[in-house]
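Everything below concerns the one structure shown next.
Chain letters run A, B, ... following the sequence lines, proteins first and then strands; every chain starts at 1.
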Protein chains: 4
Amino acid sequence: MNSEMQGKYERLAATLKARGLDVQLIEGRLKSQHIETPSWGYADSGTRFGVFPQPGAAVTLSEKLRDAAHVHRMTGIAPSVALHILWDMVDDWQALRQEAEGLGLTIGAINPNLFQDEAYRFGSLAAPDPTVRRKALDHVAQCIEIMKQVDSRDLSLWLADGTNYPGQDDLRCRKRRLEESLAQIYTMLPDDKRLLVEYKFFEPAFYATDIPDWGMALLLCNKLGERARVLVDLGHHAQGVNIEQIVATLLDEKKLGGFHFNDRKYADDDLTTGSINPYELFLVFHELVTSELNDDQGSQIAYMIDQTHLLKPRVEAMIQSVLAIQRAYAKALIVDREALAAAQADGDIIAAEECLVSAFNTDVEPLLVKVRDDLGVPADPLQAHRESGYQEQIARERAGRKVQPTLG
Amino acid sequence: MNSEMQGKYERLAATLKARGLDVQLIEGRLKSQHIETPSWGYADSGTRFGVFPQPGAAVTLSEKLRDAAHVHRMTGIAPSVALHILWDMVDDWQALRQEAEGLGLTIGAINPNLFQDEAYRFGSLAAPDPTVRRKALDHVAQCIEIMKQVDSRDLSLWLADGTNYPGQDDLRCRKRRLEESLAQIYTMLPDDKRLLVEYKFFEPAFYATDIPDWGMALLLCNKLGERARVLVDLGHHAQGVNIEQIVATLLDEKKLGGFHFNDRKYADDDLTTGSINPYELFLVFHELVTSELNDDQGSQIAYMIDQTHLLKPRVEAMIQSVLAIQRAYAKALIVDREALAAAQADGDIIAAEECLVSAFNTDVEPLLVKVRDDLGVPADPLQAHRESGYQEQIARERAGRKVQPTLG
Amino acid sequence: MNSEMQGKYERLAATLKARGLDVQLIEGRLKSQHIETPSWGYADSGTRFGVFPQPGAAVTLSEKLRDAAHVHRMTGIAPSVALHILWDMVDDWQALRQEAEGLGLTIGAINPNLFQDEAYRFGSLAAPDPTVRRKALDHVAQCIEIMKQVDSRDLSLWLADGTNYPGQDDLRCRKRRLEESLAQIYTMLPDDKRLLVEYKFFEPAFYATDIPDWGMALLLCNKLGERARVLVDLGHHAQGVNIEQIVATLLDEKKLGGFHFNDRKYADDDLTTGSINPYELFLVFHELVTSELNDDQGSQIAYMIDQTHLLKPRVEAMIQSVLAIQRAYAKALIVDREALAAAQADGDIIAAEECLVSAFNTDVEPLLVKVRDDLGVPADPLQAHRESGYQEQIARERAGRKVQPTLG
Amino acid sequence: MNSEMQGKYERLAATLKARGLDVQLIEGRLKSQHIETPSWGYADSGTRFGVFPQPGAAVTLSEKLRDAAHVHRMTGIAPSVALHILWDMVDDWQALRQEAEGLGLTIGAINPNLFQDEAYRFGSLAAPDPTVRRKALDHVAQCIEIMKQVDSRDLSLWLADGTNYPGQDDLRCRKRRLEESLAQIYTMLPDDKRLLVEYKFFEPAFYATDIPDWGMALLLCNKLGERARVLVDLGHHAQGVNIEQIVATLLDEKKLGGFHFNDRKYADDDLTTGSINPYELFLVFHELVTSELNDDQGSQIAYMIDQTHLLKPRVEAMIQSVLAIQRAYAKALIVDREALAAAQADGDIIAAEECLVSAFNTDVEPLLVKVRDDLGVPADPLQAHRESGYQEQIARERAGRKVQPTLG
């Protein structure tokens, strides 16, 4: 940390201390933050209108791991990678795990693919045809085996299941089939592993998605048991839905399993986290910090990024996203919670709101630089990445191959 | 029924029979349909921008009952009235009940008012101030006493509770207070009575509504017990939400308590039922009929209208709404369910969809005329109402009074 | 027409005549209805999550024309095909035109593709790079040449142009570049040809689409001149937007150029027309008929289908869509417009609304069967298609080829 | 400015200068910022569900002026007040103007009320009944007379006109009547005065609002002439609509007349500006600053607040809003526009975005304190207001009166 930044840090620390905050505790929390990046975020992807391939896009799982390791090297808080079983198949999972460890990474959530195969035309776990459901369950069973081998805790389940037209299928039958399939998956799951159930408002199902909202995801999880938890993807809600309230509710129910971070303006746009409404991201973290301070479920929550970088350079966009999440967390940590609680007790809406606004408007960069310094990573990870030559290097090394775009 | 209509009816009946449908059973269901109208729907109401008073608007509860009785006289399927405790207070509830019975009506759901009093500024059952929560609980207790006296089965609870700004209150604390208050209400409730819990996406709370969606309403009901059920207001969802799927889910969970019928294009517009998307209303009834035919919960579901007739003459608009609901039910009853199930089993989306489309496009008026004939009500209730002189009569009788608009 | 249907037809005709309607005129309008189907609607397509190929999906333009001809043979009102220049390139356009004519078809709108090429990463007509804009203009010039050869009247322009993130580009610069490019296209256009400018709320641009709504499209068209018209795609609006009002406005401005018919529940879902809200489709046609009766712009409006049949058999879905549009038109034609105008003049909202509701609820099938009879096409086109063996035939003939999915 | 703040200011100024920014110019712009507060924002108001009266709520226009003067005293940048003609009627407008000037205020926009009178049941300027349109025009003429007397430049027109049901009125006839009425208003308007035309997505019209979006407002303004401009209310859009793009478009067309500032999460919630998505507010100001630097239309744009403070103390909420707008402007002023333009030219999305993000994340409070110091107002206006005793004083002075809530 150069002396100018050191000065800024000291002044910020003094301000926070004056507010009654324990700066060391805050820094400790920031240093132990853990954001998981997705393997598929390093590969080419697109919209239904096309794919714009990027130079250096990762194709093999080894390449994806290398990219993820670079992101971790730049940020210090992205030590694990989520895998997508189909796009990330390897023969020797032990070797894969060792390769990851050699790069300073662990394997995070395992994501089955239950949407791409032609058999899933009418759904997977909720499909009318029992042989299709069986095929889907077999795939999940295979994923659970992989989880054991790579020591992954979370089976992260997103289903494209649903219908496109009224009448296409009986909605109640679909629900019952889904419940039955999930119960079988839960039975297969070892005691130390969890099932994360993701919901999504719509797409690719355009009439009725079988798990359309947190209410359905929670209902299903509650029927399964303790180790079934809801996964919140920030882009999977109807317009206007209050996401931080869902987070608060799930935390209160001890049923929040994790996040897929991204942002959106319209639908499931899969934009960089915090790029459209950073205040909303901050409010989500405010709820998370409230929980951390009261009934710490932190270790129970998987913080994962899931974005589609259509135009932004993928590795750089991932770094940018990790930083945006880090910033939101830092701002949530410096909220003056005593003043907030007092204002809330007084019915003083403006004073309460200003506690949040004031934290949000604080420039926390000096605090983050200090944390990065302690973690031994660059003070400005984006710039360091640009200067590292990593992008040029992979563009060079990976050139000339036929890139097969990953969907989604 | 005149001979032309008789001919139409016979041809329609023949068509339906050829489709394998039991026309007498269908007519029986239509004759026992029961739609509840709201007392407040007969009084003046408006938007925040003003109220346009109507000649003949009901002010006293007696007037509202008379209007409701007229609607029932015209339609034959609207034999009960929901009351709103605050706007509908009387001294002698036994007398009120007798007055209703004298008009051929029963008293339906009792709706507490937990939003209008200044004390509810920060909420009612979820308010931070325990004296406010106590006040709200006392009001509900009073409503339960009234229920006993008027022999009402359902306590229909809509809460305006929520917050307008981030930070205004702690979201988890609100949830816990709400749960505690609801538990107390449930304890107060006699064994033969039910608690209907309504949800609403937003308004009048503009940041976080404490019961924003079916998921929260169901979560709360499941914690309370068997006699707590979810109430679905068709106007209380985010744009695009699949309401018929929610209905199917709640039916499958045996947790659908009732409806507030209306329609909307934008938000909680409280327009006449079926006026914006009649096909959606039909699809909702398709789910209800599916349930009737399988695990009949019909008697468990309260079918209530809740609309705000800003410009339409209120009594006439109520008749129009009852007819729109009747029509949707009739169309849902004539779906060829065998063909539908077969097409669904075949994955034949178009054939399955056409089963619904074909029923929806059928002109069921002859069937409805037959049912009305059997019920002894006019064949064309709207026209009969217009010819009855009822509107002119109440306009005359109720003229010259100072009308105090009912909110909402 | 069998005698049962004949009886139905005669009774319906009598009813309509009693309402003061000229049934022959209505039938004449229905017989001259002209709906254009898109070549790309016969080929495989999907979502970003994958493509489910269909047996018999068309690959070559000849196959697409054959499918379109079949749809026209079944319905009698789909005599033209829109082409997509990129997916539909041929060497000899004169031969293509003759091939179409041999099948009883004409070539309709020409759709340039300005989104799929990698060069269009940052846009096409509004791209920052002048060489990209030049490339796009060259492509459009080529399309205009094709228009001349196939005798197409309309250049149908949909742009994917836009930005994904705040700051990505200067919004005003984009607008100016777009205006400049469009002016060049307009200059290139022969006097007997038109430019249809389509708008879209979002996707694939997720922050700011350069032509996001009818207001921008109209602004641009008004700057260009008489032969630039707005194209309304029914799926390209924000939730809740009143599409029939936009249609009425554009008609009143003499700036409605055409439609892309489809339906949606969420975003640009590209579902079958009328499958989600058939009443809305009817209201759109009510505005069109109002115009037909007053200041006939009928020949100025291109009625085109643009859907993505992800799961429905494509040819059959196209027939279903043509029929849904035909039905909406028929219902709009039988509105009692005298009664409607009288009720509107009286401020009698319910009577006015019931004029529409009553027409919408009329079973117009007998009228449509008569029209089909006169046109020499099957009375029940969907069933006739199923019985024709066409689907089995193309599945057989086109089997075993490597299908390259068309995007979008 | 205390020495700690002085230090912060100097460091911030140095940083900005290093970025090539002219800090004095920026401060000059901030000092000449001019935000207009609405007289009705100081009076009691509510939702359709009720009004929660506030102690000290203004009733008379004098009281509203006093409150506005206090807001200006605290902030230094709110020197004018918009009036609402109906709620703000006085006999002697010259005296009123002098009273305002005595308080250091000028009179800003004049807002006719064309929605509350019972005559406007079916609309005002677009109503079917010519006597209603005449009444509305007479009211507007009266407003223009008032404008002359109080030296107001802008007639700010918001219409509630629209319909609630399909068929209620002919959409094209409404458009034509509206155009005709507006033309008459424009003719009445003196040469030095302007007509601001506001649009609104919905409410209180729930089917079709006559001016539903910027496209219609611009179309109308373009037909009127140079002095008709569009007014953008931040809460009057469909979900997801890109407001900053509309602002950019209107600026480019030289047709942006002004703003009604507020924020919303759902519909026209009328929350405090910037309380839900402060980044969006910043992006709006980014477009405004872009215009200021290129083709200065600043003096042509009326910056007005229009909010409904349901629960927040009204005077304090107004101060909070003025500060939020000031902050957004300041952040927009410190964007490194050279770096931004360079990144845009390079297609470097992340670098371009980070120019905005970095400005947004800057703590501009020291700069604002400097500006306030120069303006002679308190460094922390919210706290100064709380310490001023003003709220207690008005609560005392205005107690015991019967408060008549202002709608809207």
Side-chain angles (χ1 to χ4, degrees), chain B residues 45-54 86 113-123 158 160 163-168 200-209 212 235 238-240 262-272 275-276 278 308-312 317 320 405-408, chain D residues 45-54 86 113-123 158 160 163-168 201-209 212 235 238-240 262-272 275-278 308-312 317 320 405-408:
Chain B
S45 57
T47 71
R48 61 172 166 146
F49 299 103
V51 175
F52 298 123
Q54 291 189 5
L86 183 64
N113 181 310
L114 296 171
F115 55 89
Q116 212 172 341
D117 193 287
E118 287 186 37
Y120 301 135
R121 188 180 288 264
F122 297 119
W158 172 64
T163 51
N164 276 354
Y165 291 96
Q168 178 181 330
K200 183 172 183 180
F201 186 41
F202 77 98
E203 194 214 19
F206 291 122
Y207 168 63
T209 298
Q239 287 278 14
N262 55 61
D263 207 343
R264 67 79 170 263
K265 187 164 176 60
Y266 303 98
D268 185 29
D269 308 336
D270 277 334
L271 300 179
T272 314
S275 62
I276 298 301
T308 304
H309 306 125
L310 300 168
L311 301 174
K312 284 184 176 176
Q320 189 191 27
T406 301
L407 294 156
Chain D
S45 58
T47 70
R48 62 172 164 146
F49 299 103
V51 175
F52 298 122
Q54 291 189 4
L86 184 65
N113 180 310
L114 296 171
F115 55 87
Q116 212 172 343
D117 193 286
E118 287 187 35
Y120 300 137
R121 188 182 289 264
F122 298 118
W158 172 65
T163 50
N164 276 354
Y165 291 96
Q168 177 179 332
F201 186 41
F202 78 99
E203 194 213 22
F206 292 123
Y207 168 63
T209 299
Q239 286 277 15
N262 55 61
D263 207 341
R264 66 80 170 260
K265 187 167 176 58
Y266 302 100
D268 185 29
D269 308 336
D270 276 333
L271 301 179
T272 315
S275 62
I276 298 300
N277 189 344
T308 303
H309 305 125
L310 301 168
L311 300 175
K312 284 182 176 177
Q320 189 190 26
T406 301
L407 293 158

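Neither the backbone nor the side chain of B:Asn113 comes within less than 4.5 Å of any heavy atom of chain D. Interface residue D:Pro204: backbone and side-chain heavy atoms are both found under 4.5 Å from chain B. When heavy atoms are compared at a cutoff of 4.5 Å, D:Ala160 does not approach chain B at all. Contacts of D:Asp117 with chain B are made by backbone atoms alone, with heavy-atom separations under 4.5 Å and no side-chain atom involved.
Between B:Phe202 and D:Asp269, the closest side-chain pair of non-hydrogen atoms falls below 4.5 Å. Side-chain contact between D:Leu311 and B:Gln168: present, with at least one pair of heavy atoms (C-beta onward) separated by less than 4.5 Å. Residues D:Tyr207 and B:Ile276 are in side-chain contact: their nearest non-hydrogen atoms beyond the backbone lie under 4.5 Å apart. Looking only at side-chain heavy atoms (C-beta outward), D:Ser275 and B:Asn164 stay at 4.5 Å or farther from each other.
Not one N or O on the side chain of B:Tyr165 forms a donor-acceptor pair closer than 3.5 Å with the backbone of D:Lys312. A donor-acceptor pair is defined here as one N or O able to donate and one able to accept, closer than 3.5 Å; no such pair exists between the side chain of D:Arg48 and the backbone of B:Gly50.
Considering only heavy-atom pairs separated by less than 4.5 Å from chain B, the leading option among D:Glu118, D:Arg121, D:Glu203 is D:Arg121.
Rounded to the nearest 0.5 angstrom, D:Tyr120 OH and B:Phe49 CZ are separated by 16.0 Å.
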Quiz prompt | side chain to side chain contact (heavy atoms under 4.5 Å, CB included) assessment of B:Leu310 paired with D:Phe206 | solution = CA-CA 10 Å; B:Leu310 300 168; D:Phe206 292 123; 3.7 Å; yes
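Proximity of the aromatic rings of B:Phe201 and D:Tyr266 is defined here by a centroid distance below 6.0 angstrom, and this criterion is met.
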